[in-house]
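Since this is a predicted model, take the numbers as computed values, not measurements. Counting starts at 1 for both ligands and their atoms, following the listed order. We use all heavy atoms of the structure for the numbers below, so side chains are in, but hydrogens, waters and symmetry mates are not.
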Amino acid sequence: MNLVDVHCHLNHKLFKDDIDTVIQRAKDVGVKTIIISGTNTQSNKQVLELAKKDPVLNVSLGIHPIDALGLSEGDTGIPTQSKPIDLEQEFAFIEKNKDTILAIGEVGMDFHWDKDHHTEQAVIFTKICQFAVRINKPIIVHAWEAEEECLDILEKEIHGEIPVILHCFGGRKALITRGKDLGYYFTVPPSILKSSNFETLVKKVDIQKLLTETDAPWQSPFKDTRNEPAFVTKTVQKIADIKGISTEEVAEQIWKNYQKVFLSHLTKHT
Ligand SMILES: [Zn+2]
C-alpha cells in the first residue's frame, strides 16, 4: 500500500529524540510521502533542513495566520513568532525554494485563537492566495472557526488555477458542500476515530477529493498520545469502514489524489 501524510509538524520538539524511529515506523506501514509543514520564518527554514534527512520527507512552506500577526504565545513545541512576519520577505524566501517544495501551507485564518484582528487576517490571507497562484503551488488551508471567511476569500482569489486543500476542516455541513462544489480537497486526520465531525465530512465528500494527513503531533487517534505519520493507517481504515470499500481501494485512490494534487502540478510551472 502507498500511504500519504500531507500535513504534519515533525519539527515539533516531541520528535526531537526519536525522529528516525518515527520515520521508519511510517515507512514500515507503507507511508511513501510525508509533507512537513512550515508555519513562520524560523520553522520554514527548519522544515527545509529536516526534509534533507530522508527522501520520504517533503515540504510545504507557510505563514500561519497567528504567526503572521506575531501573536504566537508561550511554548507550542514548534518555533513561535513574536513579531509580525514581513510578508514580502517571506514570499521571497518561499519563492526561492519553490522547486523544492510541494505546496504553500500552512496558511489560512484562525478566529479561534485570535478574536481581534479578523480584518488583518483576511488581508494577509488574500495576499497569500494571490502569491500561491502566482508561483503556481497547491495551497493547504487552516480555517479554524473561520471556515466561511476562508471559503469566501478562496472563492474570490482562486479560480481553479491551483488545487486547494482544506486541512482538518471543521465547518458545518453547508460549508462542506460549498467546499465540495468549489472542487476543493479535504484532508482527514487520525482523530477521526474520536470525531463525528470528520465522519460526516468523509460521508459527504467523494473519495476522489479526500487526502490523509496527521497534523502530528496533534490530532492523535488516541487520548493523550502523540500523533505520528504511521497513524494514517487508522484514517485509511476508518474511511474504508465509512465508504464500505477495502482499505486497499482507499489507499490506492488517495495515492492517486496525492499525485494529482501535488505532483502533476510540478510540471505546469508558469
Ligand atoms: Zn498543522
Side-chain angles (χ1 to χ4, degrees), residues 4-15 19 22 26 31 33-48 50-51 57-69 71-81 85 90 94 101-114 121 124-125 128 132 137-147 150 163-171 184-192 194-195 197-198 201 210-221 225-232 234-235 258 261-262:
V4 299
D5 179 355
V6 301
H7 178 90
C8 65
H9 303 275
L10 292 189
N11 58 323
H12 193 284
K13 68 177 182 188
L14 284 173
F15 296 108
I19 180 83
V22 167
V31 176
T33 184
I34 299 169
I35 304 182
I36 44 178
S37 173
T39 46
N40 59 40
T41 306
Q42 204 190 331
S43 83
N44 280 342
K45 293 198 179 86
Q46 216 175 44
V47 294
L48 280 169
L50 183 60
L57 300 176
N58 284 293
V59 170
S60 70
L61 294 182
I63 299 173
H64 188 282
I66 300 299
D67 291 336
L69 294 163
L71 294 177
S72 45
E73 270 175 47
D75 184 6
T76 61
I78 51 177
T80 53
Q81 181 85 29
I85 293 176
E90 204 55 34
I94 296 172
I101 66 174
L102 291 187
I104 301 298
E106 72 184 274
V107 296
M109 293 202 280
D110 190 320
F111 293 175
H112 178 83
W113 287 111
D114 168 38
Q121 285 201 36
I124 293 167
F125 185 48
I128 293 172
K137 289 284 170 191
I139 187 168
I140 300 173
V141 181
H142 165 107
W144 200 1
E145 290 176 16
E147 292 85 1
C150 276
V164 172
I165 301 105
L166 300 172
H167 136 78
C168 289
F169 191 75
Y184 299 165
Y185 290 81
F186 294 81
T187 64
V188 190
S191 55
I192 187 173
K194 306 181 296 196
S195 153
N197 231 4
F198 289 127
L201 189 140
L210 292 178
L211 289 160
T212 47
E213 69 151 296
T214 61
D215 206 16
W218 298 291
Q219 303 285 347
S220 175
T225 311
R226 180 187 69 172
N227 198 7
E228 62 175 70
F231 292 163
V232 289
K234 310 285 176 206
T235 313
Y258 163 74
V261 169
F262 294 100

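- For Asp215, the N/O/S atom at the shortest distance from the Zn ion (ligand 1) is named OD1.
- Defined by atom type and a distance below 3.5 Å, a donor-acceptor pair is present between the side-chain atoms of Glu90 and Thr41.
- Paired with His142 under the rule side-chain hydrogen bond (donor to acceptor under 3.5 Å, both in side chains), one option of Asp215, Thr39, Asp110 passes, and it is Asp110.
- For the pair His167 (side chain) and Ala143 (backbone), a donor-acceptor distance under 3.5 Å is absent.
- Coordination check, His9 versus the Zn ion (ligand 1): passed, since an N/O/S atom of the residue sits under 2.8 Å.
- For the Zn ion (ligand 1), the set of nearby N, O or S atoms under 2.8 Å includes one belonging to His7.
- Distances from the Zn ion (ligand 1) to the N/O/S atoms of Glu106 are shortest for OE2.
- Between His7 and the choices Glu106, Gln219, Glu213, the side-chain hydrogen bond (donor to acceptor under 3.5 Å, both in side chains) rule is met once, by Glu106.
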